[in-house]
Amino acid sequence: ADESPAHDEL
Amino acid sequence: MNVFRLLGDVSHLVAIIILFLKIFRSKSCAGISGKSQVLFALVFTTRYLDLFTSFISIYNTVMKVVFLVLSYATVYLIYLRFRSSYDSESDTFRVEFLLVPVAGLSFLENYDFTPIEILWTFSIYLESVAILPQLFMITKTGEAESITTHYLFFLGLYRALYLANWVWRYHTEGFFDQIAVVSGVVQTIFYCDFFYLYVTKVLKGNSKLTLP
């Protein structure tokens, strides 16, 4: 799995 | 936070408020696809599960609560409060044709095989197709009230602004969320046809959008 970007968006 | 994302969130909020007020004040949900609104409530529910577990900012938390409350309130208005005006004969899109592929894909292509992450991925994929029942309903009835087209305009604009936000974040902080970007492109493409009609017809002052 690619790195999981922090879900800081709505 | 950057101006594109802020404008995108504002555009999204404006769209949701326009729809809610249209139904609440006209006491009618004629021309509105209840199925799309249920899908949007599902998008917010599966995306904002981290509402209580991860705090990002006051803004982030407040907007999540507002989106959840308004989307469920809109579903309530359509299916309960003003259900007599709900045009179920025109709202016939088979949502299972959206839910099954989206659910399958979220298990196949995700960042992390955990419940929270798979549900987040599901919400991203689902949001890109959630408007299809509404667009299908408009093509079926051949018309849409102008207030409904303003709702769709701001809803389509929001994800287009998010695309600009991702370009900006890629160049300024190297941030790249492939799943969100690809889904966002697909989602915005679905609006292109509508955007053309909106600019050429509604903005010319037509009382409502009638499809050729």
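Proteins get letters first, then strands, A, B, ... in listed order; numbering begins at 1 in each.
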NZ/NE/NH1/NH2 to OD/OE distance under 4.0 Å, A/E9 and B/R47: no
Atom CG of B/L108 with >12 non-hydrogen neighbours under 6.0 angstrom: yes
Reported CE-to-CG distance for the pair B/M1 and A/D8, which is rounded to 0.5 angstrom: 8.5 Å
Interatomic distance, A/H7 atom NE2 to B/T121 atom OG1 [nearest 0.5 angstrom]: 6.0 Å
Residues, nucleotides or ligands: over 12 heavy atoms within 6.0 Å of B/F24 CZ: no
Residue part contacting chain A, namely of B/F44, when any heavy atom lies under 4.5 Å: neither
Chain A contact via B/D177 - which portion, at a heavy-atom distance below 4.5 Å: both
Greater than 12 external heavy atoms within 6.0 Å of B/F52's CZ: no
Rounded distance [0.5 Å steps], NE2 in B/H12 versus CG in A/L10: 8.5 Å
Enclosure of B/F107 CZ (heavy-atom neighbours >12, cutoff 6.0 Å): no
